[in-house]
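Here the structure comes first, spelled out in structure tokens, and everything after it is commentary.
The structure presented is a predicted model; accordingly, all values stated were derived computationally and were not measured. Each chain gets a letter, A, B and so on, in the order the sequences are listed, and its residues count up from 1.
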Amino acid sequence: MPVVTRIAPSPTGDPHVGTAYIGLFNHALAAQARARGEEGRFILRIEDTDRGRYVADSETRIFQMMGWLGLTPDESPLQGGPNGPYRQSERTGLYGDYARQLVASGHAYHAFETPEELSALREQAQGEGRVIAVPSRDLDPAAAQARVDAGEAAVVRLKVPREGETVVNDSLRKPIAFQNREIDDKVLLKADGFPTYHLANVVDDRRMEVTHVVRAEEWITSTPIHVLLYRAFGWPEPVWAHMPLLRNADKSKISKRKNPTSVEWYMDQGFLPEAMLNFLATMGWTHPDGLELFDLAEFQRVFRLEDVTLGGPVFSLDKLKWMNGKYLREVLSEDEVAKRLHAYLAGQKHELPLDKYFRAVVRMMIPRMDVFSEFLEKTSYFWSEDYPVNEKAQKLIEEGRPFLGNLAARLKNLPAFDQATTEAELRAFAEERGLKPGKVMQPLRAAVAGTGESPGMFEMLEALGRERVVARVERAARGG
RNA sequence: GGCCCCAUCGUCUAACGGUUAGGACACUACCCUUUCAAGGUAGCGAUACGGGUUCGAAUCCCGUUGGGGUCACCA
């Protein structure tokens, strides 16, 4: 059985984490079909029928997001495909024909109410606790057609049956029955000739041979409209599956105000796409073996739609960060982390040479950061002699002032400057003065790093090198 | 408010009629340790409530409560 899935984002702003989330599942379903040796395609279609909310660069940024995550579609406006175009604004002629087809078959009608009339009607209907009744519905079709032909502005509305019920068979839930009398006559074609979501979505899914509609839960209530449309056209329904909505901490639908929702933010912060994907996969789904860390291929191997959990998952930045740190420490190699971090920094306009020194600093920082954006702020003293010295460090330096000068001299004359040598020397130095090693190391750390938070003393000294270290300690001894 | 969906630790979740209700994040303590982390160990912490069904219910049914979504010529 072929599996054709899609995501249908609107280019109205930042590339949204919810699009990535839904994309992950759609992408996986198509990949699974291919792995079984069956037809599987994942389509990205741009739903840009609302010219009022259109944002010019939004589409490109959606492609970038999907590419970054490795959820590249098989068909899209970018790479094309057999059932294009994949931008609804380039398909407008099509929808008018389908709308007219429904008018001709009696499943839809032309309506002439103005927005003002409609809001009055709506207010009245709501007061009476019922759905809006559109007067144009009862117009004689021929008369209505004549008005349209004469150039009068009109929309096309779906003629929802007054009786009976429409059942949505969501594959994650029990059948959901909607009373037809509670469904209003949705606009299918706007006065500007553009289709609404409902029409465009159904027509395109049909023409693009979509078999599985996996989308967010917020669409459940409009699904009966879509079911009615499929029936009106005489088309078989796709499989429906409504995924839970990602939530803010207060359980409301995830929003910009309460969470970073733009995937670009996560890119800027230096999250890894692998970690992002892994984390998203755990929103509403768990690996059957309880694995916390798994890659996209593994997800595709074991994911099953029926294992999706329906409670709305709260998007936890804490857990994402933890997971990203886990990838840095346990999944990627040190070399890979260095390369990725280097590329990240270059993208942030911080060109650093990808050399032995950089790699040494990265090695020390891997257990000390969760995301790349933390790297520079925690390692300033590795890159400049003009590093900040905090208050606590200043105090420690003063405590160490009596011996820092001597210590500098000792370090300067060491036969080597590797970890073993500096450690032995430091311990000896402390013992000679009747000090605990810590009493020497703390001021030394403060002098060399300007902070009490640093990697291990001796690997840090070795990485910095004798020259830097001695100069810094001498400077601290002088009180500079 | 009408309609619809949902309901296990603070959060993500396991359990698919029989477990001392398990794991992970966060938090706390301890260990490791030259600091900060990382890592290890332990602790804290949940079946929303009320009725059924059943020998037995987190699990099935009903109700209540709570949360969420949706009610546009936006998607």
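- Across all strands shown, A:Thr309 has heavy atoms under 4.0 Å from sugar-phosphate atoms exclusively, and none from any base.
- Taking atom P in both B:C30 and B:C36, the straight-line distance is 13 Å, to the nearest Å.
- Residue-level contact check: A:Glu113 touches the bases, meaning some heavy atom is under 4.0 Å from a base atom.
- For B:A57 and B:C62, the C1' atoms lie 15 Å apart once the distance is rounded to whole Å.
- Among the protein residues, A:Gly456 comes within range of the nucleic acid bases, having at least one heavy atom under 4.0 Å from a base atom.
- Across all strands, A:Ser10 comes closer than 4.0 Å only to sugar-phosphate atoms, never to a base (heavy-atom distances).
- B:U59 and B:G51 have their P atoms separated by 14 Å, with the value rounded to a whole Å.
- Taking a pair to require two hydrogen-bonding distances under 3.5 Å in either a Watson-Crick or a G-U wobble arrangement, B:A7 pairs with B:U65.
- Residue-to-nucleotide proximity on RNA chain B shows that, of A:Tyr197 and A:Pro244, the 5′-proximal contact is made by A:Pro244.
- For the salt bridge (charged side-chain N to carboxylate O under 4.0 Å, His left out) test, residues two or more places apart in sequence or in another chain that qualify with A:Arg61 are A:Asp14, A:Asp57, A:Glu264.
- No engagement by A:Thr451 is indicated, since no non-hydrogen atom pair under 4.0 Å with the nucleic acid exists.
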Is there a ring pair (Phe, Tyr, Trp, His ring centres under 6.0 Å) between A:Phe358 and A:Phe382? Walk through the geometry before answering. CA-CA 9 Å; A:Phe358 179 78; A:Phe382 281 109; over 10 Å; no
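- Residue-level contact check: A:Pro437 touches neither bases nor backbone, having no heavy atom under 4.0 Å from any strand.
- Judged as a side-chain hydrogen bond (donor to acceptor under 3.5 Å, both in side chains), and not counting sequence neighbours, A:Arg433 has no contacts.
- Contacts of A:Pro443 with the nucleic acid, taken as non-hydrogen atoms under 4.0 Å apart, are absent.
- Summary of the strand contacts: A:Arg368 and A:Trp322 both lie near RNA chain B, and taking for each the nucleotide with the nearest heavy atom, the more 5' one is attributed to A:Trp322.
- Between the C1' atoms of B:U47 and B:A7, the separation comes to 10 Å (whole Å).
- In this structure, A:Phe458 reaches the bases: a heavy-atom distance under 4.0 Å links it to at least one base atom across the strands shown.
- Pair assignment for B:A14: none, as no Watson-Crick or G-U wobble contacts are both less than 3.5 Å.
- For the P atoms, the distance linking B:U70 with B:A37 amounts to 42 Å, nearest Å.
- Using a 4.0 Å heavy-atom cutoff across all strands shown, A:Lys326 reaches sugar-phosphate atoms only and no base atom.
- Residue A:Met283 is in sugar-phosphate contact alone, with no base atom involved, counting any heavy-atom pair closer than 4.0 Å across all strands shown.
- Rounded to whole Å, the P atom of B:G39 lies 35 Å from the corresponding atom of B:A58.
- Under the Watson-Crick or G-U wobble criterion, with both distances below 3.5 Å, B:U59 has no partner in any strand shown.
- Residues A:Thr379 and A:Arg368 bring no donor and acceptor atom of their side chains to less than 3.5 Å of each other.
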Quiz: residues 284-291 of chain A side-chain donor-acceptor pairs under 3.5 angstrom, not counting sequence neighbours:
from, atom 1, to, atom 2, distance (Å)
A:His287, ND1, A:Asp289, N, 3.0
A:His287, NE2, A:Glu298, OE2, 2.7

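- Base-pair partner of B:G39: B:C31 (Watson-Crick or G-U wobble, both distances under 3.5 Å).
- Remark: B:U54 base-pairs with no nucleotide; criterion is Watson-Crick or G-U wobble with both hydrogen-bond distances under 3.5 Å.
- Under the side-chain contact (heavy atoms from CB on, under 4.5 Å) criterion, A:Arg231 pairs with A:Thr166, A:Val227, A:Leu228, A:Glu237, sequence neighbours left out.
- Listed by residue number, A:Val155, A:Arg157 are the residues of residues 152-167 of chain A with a heavy-atom contact under 4.0 Å to RNA chain B.
- Bracketed by its first and final contacts, the part of RNA chain B lying under 4.0 Å from non-hydrogen atoms of chain A reaches from B:C3 to B:A75 in 5' to 3' order.
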Return a table of donor-acceptor pairs under 3.5 angstrom between the side chains of residues 391-399 of chain A and protein atoms on other chains or two or more places apart.
none

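- Taken residue by residue, residues 250-261 of chain A places heavy atoms nearer than 4.0 Å to RNA chain B at A:Lys251, A:Ser252, A:Lys253.
- Across the P atoms, B:G66 and B:G50 are found 16 Å apart, a figure rounded to whole Å.
- At a threshold of 4.0 angstrom between heavy atoms, the contacts of A:Gly452 include nucleobase atoms, whether or not backbone atoms are also involved.
- Side-chain contact check for A:Tyr98 and A:Arg207: at least one donor-acceptor pair (N or O, by modelled atom type) lies under 3.5 Å.
- A:Arg53 comes within 4.0 angstrom of a nucleotide base, judged by non-hydrogen atoms across all strands.
- Across all strands, A:Pro455 comes closer than 4.0 Å to base atoms (heavy-atom distances).
- By the side-chain contact (heavy atoms from CB on, under 4.5 Å) test, A:Ala177 is found to be paired with A:Glu165, A:Val167, residues two or more places apart in sequence or in another chain being considered.
- As judged by a 4.0 angstrom heavy-atom cut-off over every strand, A:Leu320 is placed among residues making no nucleic acid contact.
- Taking the P atoms as reference points, B:G45 lies 14 Å from B:A21, given to the whole Å.
- For A:Phe279 and A:Phe315, the ring centers sit closer than 6.0 Å to each other.
- Judged by Watson-Crick or G-U wobble contacts below 3.5 Å, the nucleotide B:A46 has no partner.
- In this structure, B:G1 forms a base pair with B:C71, meeting either the Watson-Crick or the G-U wobble geometry with both donor-acceptor distances under 3.5 Å.
- Evaluation of the salt bridge (charged side-chain N to carboxylate O under 4.0 Å, His left out) rule for A:Lys258 yields A:Asp250 as partners, not counting sequence neighbours.
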Using a 3.5 Å cut-off and no angle test, enumerate the donor-acceptor pairs between side-chain atoms of residues 147-156 of chain A and protein atoms at least two apart in sequence or in another chain.
from, atom 1, to, atom 2, distance (Å)
A:Arg147, NE, A:Glu152, OE1, 2.9
A:Arg147, NE, A:Glu152, OE2, 3.4
A:Arg147, NH2, A:Glu152, OE2, 2.7
A:Asp149, OD1, A:Gln145, NE2, 3.0

Test ring pair (Phe, Tyr, Trp, His ring centres under 6.0 Å) on A:His212 and A:Phe42 and set out the steps. CA-CA 10 Å; A:His212 291 64; A:Phe42 169 51; over 10 Å; no
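- Residues that satisfy the side-chain contact (heavy atoms from CB on, under 4.5 Å) test with A:Glu334, not counting sequence neighbours, are A:Arg363, A:Ile366.
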